[in-house]
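Down below is the structure, laid out as structure tokens.
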Amino acid sequence: MSSDSDHQCPVDGAVDQQEMIPSKKNAVLVDGVVLNGPTTDAKAGEKFVEEACRLIMEEVVLKATDVNEKVCEWRPPEQLKQLLDLEMRDSGEPPHRLLELCRDVIRYSVKTNHPRFFNQLYAGLDYYSLVARFMTEALNPSVYTYEVSPVFLLVEEAVLKKMIEFIGWKEGDGIFNPGGSVSNMYAMNLARYKYCPDIKEKGLSGSPRLILFTSAECHYSMKKAASFLGIGTENVCFVETDGRGKMIPEELEKQVWQARKEGAAPFLVCATSGTTVLGAFDPLDEIADICERHGLWLHVDASWGGSALMSRKHRKLLHGIHRADSVAWNPHKMLMAGIQCCALLVKDKSDLLKKCYCAKASYLFQQDKFYDVSYDTGDKSIQCSRRPDAFKFWMTWKALGTSGLEERVNRALALSRY
């Protein structure tokens, strides 16, 4: 057997041909596959990454703030299919062709970083979040156990702690999710688990007719969540709003009494802080009073409006949010943290989130590890593989500071007034 000292290290990135091409004598062959042969051409791959990064810098980052560039090079679907050459073939294509495809993808994509992009509730380029995304894409972590993702789990913990402070809770729990819609679904399921924990193991048979209440201007994810969870869209009661799009508390209480009169079981109220169309903020204090009187879980969908908490001037829009049981908040909207970056925050600190979602997979969440297993937060999620989305927000927060984020919110609301 040869030792490490028998081989000389390659100089200036040169590839050792003995490593790249195993001799017939030493090849390990299984099912017609040489197992100790090269799987990729590392040198060609590194060059492709370098050239692609240069292309991204030139065509995306440097042009992001140029108002003379087009927001979109629009083409109808059938024409765009032909322009992009979407077909996957038996043989791979050379790097120069792949770079041409990359250039076409950039050319025909909507430039969401453009100053004139006004679609939906996100826009602009945050350079620090972008670098964080580059890093996580290169590292390709999965945030479920500390042993696999130590840095990003600690980052998520730090970010959640600060967000919880801004809500006004002394302590709490939370997790980053793939979208505010998922956070709303998590909250709905969590509220149901709190009300009727047996449903997790015994299912819906024999359970009461559960009813939830939300604004007529709420996000459509509430109906989707009710459908997905087996609650049923007919058991979502939409509460009338005033002329500004805010939920009317008196109408909410009327509907709660009516549901009880019909023999149903109210369990959840979902208020909205920043509705999708009108940007309305529901009166949280008055809604919280009703929830306390009737023993209902209060969830606040602050996916868009939650970022106003960062502003001393505008946080009054969410007055009373500290009385909520759970909050959905998306830093990728007003704070520009990069899609997607969405947190569900929970006031409970008794591990309710984990109790509701855990499956206790013994091959992953062993309890006899060599570190504090409370950092293995993956069992709080319905996902197994999970992206380190908190890192994008953390990097932006570190770069701008709380004052910089506050300025970003104030500017956004000043622009709307202008």
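- Summarising the geometry, atom CG belonging to D379 is positioned 11.5 Å from atom SG belonging to C356; distances are rounded to the nearest 0.5 Å.
- Inter-residue side-chain proximity for N235 and R209 is flagged as met; some heavy-atom pair is nearer than 4.5 Å.
- Side-chain contact between L99 and F48 is present, with heavy atoms from C-beta onward closer than 4.5 Å.
- The main-chain N or O of Y128 is never found under 3.5 Å from a side-chain atom of K398 such that the two would form a donor-acceptor pair.
- Around the CZ atom of R293, the shell of radius 6.0 Å holds more than 12 heavy atoms that belong to other residues, nucleotides or ligands.
- Between the CD atom of E69 and the CD atom of E59 there is a distance of 7.5 Å, given to the nearest 0.5 Å.
- Salt-bridge annotation for K81 and E78: present, with a side-chain N of the basic residue lying under 4.0 Å from a carboxylate O of the acidic one.
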List the steps, then state whether side-chain contact (heavy atoms from CB on, under 4.5 Å) holds for V409 with L405.
CA-CA 6 Å; V409 173; L405 294 176; 5.9 Å; no

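- Annotation: the span from N410 atom CG to R312 atom CZ amounts to 8.5 Å, rounded to 0.5 Å.
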Take R315 and E406, measure what salt bridge (Lys or Arg N to Asp or Glu O under 4.0 Å) needs, and give me the verdict at the end.
CA-CA 10 Å; R315 63 177 293 115; E406 179 180 28; over 6 Å; no

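- In terms of modelled atom types and a separation under 3.5 Å, the side chain of R408 and the main chain of M336 share no donor-acceptor contact.
- Shortest non-hydrogen contact noted between S307 and L335 is OG-CG, 3.3 Å.
- Residue R260 places its CZ atom among more than 12 non-hydrogen atoms of other residues, nucleotides or ligands, all under 6.0 Å distant.
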I'd like to know whether I106 forms a side-chain contact (heavy atoms from CB on, under 4.5 Å) with K63, so could you lay out the CA-CA distance, the side-chain angles of the two residues, the decisive distance to 0.1 Å, and finally the verdict.
CA-CA 11 Å; I106 293 170; K63 292 182 178 180; over 6 Å; no

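- Without hydrogens or angle criteria, T136 side chain to R133 main chain gives a donor-acceptor distance under 3.5 Å.
- Put simply, the side chain of N119 does not reach to within 4.5 Å of the side chain of V110, judged on heavy atoms.
- R97 has a carboxylate O that lies under 4.0 Å from a charged side-chain N of E100, or vice versa, which qualifies the two as a salt bridge.
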Side-chain atoms of residues 278-288: list all donor-acceptor pairs with protein atoms under 3.5 Å, sequence neighbours left out, distances to 0.1 Å.
{"unit_1": "D282", "atom_1": "OD1", "unit_2": "M247", "atom_2": "N", "d": "2.8"}
{"unit_1": "D282", "atom_1": "OD2", "unit_2": "T272", "atom_2": "N", "d": "2.8"}
{"unit_1": "D285", "atom_1": "OD1", "unit_2": "R323", "atom_2": "NH1", "d": "2.8"}
{"unit_1": "D285", "atom_1": "OD2", "unit_2": "H319", "atom_2": "NE2", "d": "2.9"}

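- D242 places a side-chain N or O within donor-acceptor distance of the main-chain N or O of K246, the cut-off being under 3.5 Å.
- Residue pairs meeting the ring-ring contact (aromatic ring centres under 6.0 Å, His included) criterion with at least one partner in residues 96-125, sequence neighbours excluded, are F117-Y122.
- Salt-bridge formation is detected for the pair E251/K254: a Lys NZ or Arg NE/NH1/NH2 atom is positioned less than 4.0 Å from an Asp or Glu carboxylate oxygen.
- Atom CD of Q340 is separated from atom CG of N177 by 9.5 Å, given to the nearest 0.5 angstrom.
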Which atom pairs, one a donor and one an acceptor, fall under 3.5 Å between side chains of residues 151-167 and the rest of the protein, sequence neighbours left out?
{"unit_1": "E156", "atom_1": "OE1", "unit_2": "R386", "atom_2": "NH2", "d": "3.0"}
{"unit_1": "E156", "atom_1": "OE2", "unit_2": "F176", "atom_2": "N", "d": "3.4"}
{"unit_1": "E156", "atom_1": "OE2", "unit_2": "R386", "atom_2": "NH1", "d": "2.8"}

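- To the nearest 0.5 Å, the span separating OG on S385 from OH on Y144 amounts to 5.5 Å.
- Between the side chain of S207 and the main chain of G203, no donor-acceptor pair closer than 3.5 Å is present.
- At a threshold of 4.5 Å between non-hydrogen side-chain atoms, the residues P249 and E253 do not count as touching.
- Within 6.0 Å of CZ in R387 there are 12 or fewer heavy atoms belonging to other residues, nucleotides or ligands.
- When atom types are taken as modelled, the side chain of D31 and the backbone of V33 share no donor-acceptor pair closer than 3.5 angstrom.
- Between L190 and D325 the shortest side-chain heavy-atom distance does not fall below 4.5 Å.
- Between the CZ atom of F213 and the CD1 atom of I290 there is a distance of 10.5 Å, given to the nearest 0.5 Å.
- Side-chain atoms of E51 never come within 3.5 Å of backbone atoms of V49 as a donor-acceptor pair (strictly under, hydrogens ignored).
- Between N330 and W304 the shortest side-chain heavy-atom distance does not fall below 4.5 Å.
- When every heavy atom of P178 is checked against every heavy atom of Q383, the shortest pair comes out as CD-OE1, 3.1 Å.
- Atom CZ of R244 is surrounded by 12 or fewer heavy atoms from other residues, nucleotides or ligands within 6.0 Å.
- For NZ of K202, the number of neighbouring non-hydrogen atoms (other residues, nucleotides, ligands) closer than 6.0 Å is 12 at most.
- L130 has its side chain within reach of L125: a pair of non-hydrogen atoms, C-beta onward, lies under 4.5 Å apart.
- When the ring pair (Phe, Tyr, Trp, His ring centres under 6.0 Å) test is applied to W329, no partner is found at least two apart in sequence or on another chain.
- Although no hydrogens or angles enter the test, the distance criterion places a donor-acceptor pair under 3.5 Å between the side chain of T214 and the main chain of C270.
- Looking at L364 and C384, their side chains come closer than 4.5 Å, going by heavy atoms from C-beta outward.
- Pairs of residues two or more places apart, or lying in two chains, that qualify as ring-ring contact (aromatic ring centres under 6.0 Å, His included) and include a residue from residues 224-274 are W257-H294.
- Taking both residues in full, the closest heavy atoms of L318 and G305 are given as CD1-O, 3.5 Å, listed atom of the first, atom of the second, then distance.
- Residues D104 and L83 come closest through the heavy atom pair OD2-O, 3.9 Å.
- When all heavy atoms are compared, the tightest approach of N184 to D301 is ND2-OD2, 3.2 Å.
- If you check the side chains of E262 and Q258, you find a donor sitting under 3.5 Å from an acceptor.
- When atom types are taken as modelled, the side chain of K333 and the backbone of G306 share no donor-acceptor pair closer than 3.5 angstrom.
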With side-chain contact (heavy atoms from CB on, under 4.5 Å) as the test, would you mind laying out the steps for T145 and F365 before giving the verdict?
CA-CA 8 Å; T145 61; F365 301 111; 3.9 Å; yes

side-chain contact (heavy atoms from CB on, under 4.5 Å) assessment of K111 paired with N113
CA-CA 5 Å; K111 311 305 186 293; N113 302 323; 5.7 Å; no

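- Heavy atoms only, all atoms of each residue included: W169 and I321 are closest at NE1-O, 4.1 Å.
- Contacts classified as ring-ring contact (aromatic ring centres under 6.0 Å, His included) and involving residues 331-358 (residues at least two apart or in different chains) are given here: Y186-Y357.
- No more than 12 heavy atoms of other residues, nucleotides or ligands shown are found within 6.0 angstrom of CD on E407.
- Within 6.0 Å of NZ in K70 there are 12 or fewer heavy atoms belonging to other residues, nucleotides or ligands.
- Under 3.5 Å, the side chains of H299 and S326 contain a donor-acceptor pair of N or O atoms.
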